[in-house]
Each structure stands twice: as C-alpha cells, then as structure tokens.
Amino acid sequence: MRPGALRRRLDHGDVGRMSNGNYMMTGLHGLDEPLLGNRDYGGRHSEGKTLECIWVEGQRKEHLHWAALLFTNLIVQWAQWIANIVLGSVSFIARILPLPSNTQSGSNWKLLEPALNPLQEARLRSLQQRLGIPYDGSRLEHQEALKQLWKLAYPHRELPSLKSELWKDMGWQGPDPSTDFRGGGFISLENLIFFAKKYPQSFQRLLHKQDGNRSEWEYPFAVAGINISFMLVQMLDLQSGKPSSRAGRRFLELLAEDEMAFDDLYCVTFQMMDAQWLVKRASYMEFNEILKSTRTRLEHELSLESVSGLKDLPAYGLLKR
C-alpha cells in the first residue's frame, strides 16, 4: 500500500478496523552470502597449503555456512513466535475491552455480559416477553386497551368506534390506530396507558400541547409515543439476551429497584422529548432529529454517577402527576 493510500484510510476512520486486517511481518534477512576465504591484502590466496588442509578448511567453511543459516532461521522463528504472542495478546484484550465508539446517537459501549441477580433476571425476562407481543387489532384485550387509552385521554368525550376519524385527534395518522403500531408492538400502547394513569397532568399537557410556544405543525402525540417506545428498546439493547450497552447496563440497575422501570423511563423520555422540541422550536419535519437529540440527552443522564434510581434523573423533575 502506498503511503498516500494509507494516509487516506487513516483519514477516513479506518484505524479501528485495522484489527480485522492481515498483519504482515518482514522476515529477518539471513547471512545468505558465502563466507570470504583467507586472502591477503592484495587479494591473492595464501600459498603453501596442502590438499588436506585445503579440504579441511573447505569443510570447516561449509559447516560455518550451514550453522549460520540454521542460526538465522532460529532467529526468524523466534521473532515470529514473539510477534504472535504480542498480536494475540492485543487481540484478546481488544475482545474483552473494546474501544468505545461514539455515534450520532451517543456513546454505544459494548461491555462484558452483565451478571444478574435472580430478581433482575425475572424482571428482564418479563419485560422481554412484553416486547415480543405485537399489536393485534383482532384480539379483544388489545381492542379494550385501545378503548381504555381513549377514556383516559378524553374522559368527557364519547368513545368512538375502533375505526373513526376521531382517533386523529389523539395523534394517530389515520382512522384506524392499529395500522400505526408496526414496530412498536403492544407494549407501546401499554406505555401510553401507564403514562396517562401515573402522570395524568403531564400526559394531558403533552396531549393538548399546553406548554410553551407551539409550532404550527406539531408532532402527532400517539405516533410520537410509539416512536419513543421503539427508540428506548434500541437504546437499552433489550432485544439481545442481556443488555450490554452502557445505557442498557445502567437500566438493569434501575430495573432491580423498580419493576416498572421501563414504563417510568418512557414517561421521563416523552417529557424530555417535548422539552427538546420547545427549546429548538421544532416542527413536524424535524421530529426524527429531536428524537435523536433526546436519546443523546437521556444516555448522558443515565451515565451520571449521581443517578441510582429513576427519580435521580434530572429530567424526572419535569413530570407532573
């Protein structure tokens, strides 16, 4: 590889990928030239030697020549052995302690698989079972949950049919809310219901966009909630066996203290997202950007040493019951 090409690879951030490349070692050059015979300063061979002496001297030179070659090969093998040990140790350490990678969505450190106590394992397993349930508009319990959300959101309004233009008032994109769940699953509906029950004041203020100077083209409340559920699942690495991301490991600590930690964190995140929305004076087309900045902010708060529970998160103070 030409030096210029190497510089270009380094400039484009390929340093971290060099561990997957092939390491090339240049072998040590051996003494592959014949040994010089005994010559005087004029370059002439010494005289007065018998044939036997000449033969013995030739044998000695040949032995020295092969001994030198053998010694050189041993040096090369020894050097390669040392190099393999060093490179193997580096590779082993890199697998145990990989370097952090900063992405646009925040730090994403992959660490050793966490050791969980029985309570954490049971709660994580229960949460992951919830994540595996898709929303099914044909299931009666899912229909009832959707109706419950309407009653919590609009206690003084008549309940519409499951397919009605009125659902758009809550921030669904069409008359049939079941078409909006997709990747969010049934848990995203449970998150909205939990939010409405535990923090009704914050829920209502966000639903009706009562805080701050609002945009003329606001984010749809219900669909935003589904996106927040999906973002949290990704950020916390909940779809793997055991979360190994930095935020995921901290979440496991919170889960040990609160069985409903995911739902509570959802409420904090929704409130944080709306605060980001107002600060940046965002409009509908900027929703994804706001969601990314919310994730970055949340990851930062979860990394604070002072946070030992959900209520220690700075953004928790934004919630109102």
> For the residue pair Phe195 and Phe270, is the inter-centroid distance of their aromatic rings smaller than 6.0 Å?
Replying inline: yes
>> So that I know where these two stand, are Trp172 and Phe181 an aromatic pair - ring centroids less than 6.0 Å apart?
In response: yes
> For Ile193, does its backbone N or O pair with a side-chain atom of Gln148 as donor and acceptor, under 3.5 Å?
Replying inline: no
>> Nearest 0.5 Å, please: how far is CZ in Phe221 from CG in Leu192?
In response: 6.0 Å
> Counting distance only, does the side-chain N/O of Gln234 pair as donor-acceptor with the main-chain N or O of Met231 below 3.5 Å?
Replying inline: no
> Under a 4.0 Å N-O cut-off, is there an ion pair linking Glu301 with Arg297?
Replying inline: yes
>> When you group the ILVMFWY residues by side-chain heavy-atom contacts below 4.5 Å and let the links chain together, are Leu254 and Leu318 in the same group?
In response: no
> For Gln239, does its backbone N or O pair with a side-chain atom of Gln128 as donor and acceptor, under 3.5 Å?
Replying inline: no
> Between Ser126 and Ala122, is there a donor-acceptor pair closer than 3.5 Å when you use the side chain of the first and the backbone of the second?
Replying inline: no
> Is Lys292 salt-bridged to Glu289, cutoff N-O under 4.0 Å?
Replying inline: no
> Are more than 12 heavy atoms from other residues, nucleotides or ligands located less than 6.0 Å from atom NZ of Lys311?
Replying inline: no
> Less than 4.5 Å apart, any side-chain heavy atom of Ser306 and any of Asp312?
Replying inline: no
> Please walk me through it: do Asp263 and Lys198 pass side chain to side chain contact (heavy atoms under 4.5 Å, CB included)?
Replying inline: CA-CA 10 Å; Asp263 301 79; Lys198 188 166 183 178; over 6 Å; no
> How many angstroms lie between atom CD1 of Ile133 and atom CD of Glu141, to the nearest 0.5 angstrom?
Replying inline: 9.0 Å
>> Given 3.5 Å as the limit, does a donor-acceptor pair link the side chain of Lys147 with the main chain of Leu162, or not?
In response: no
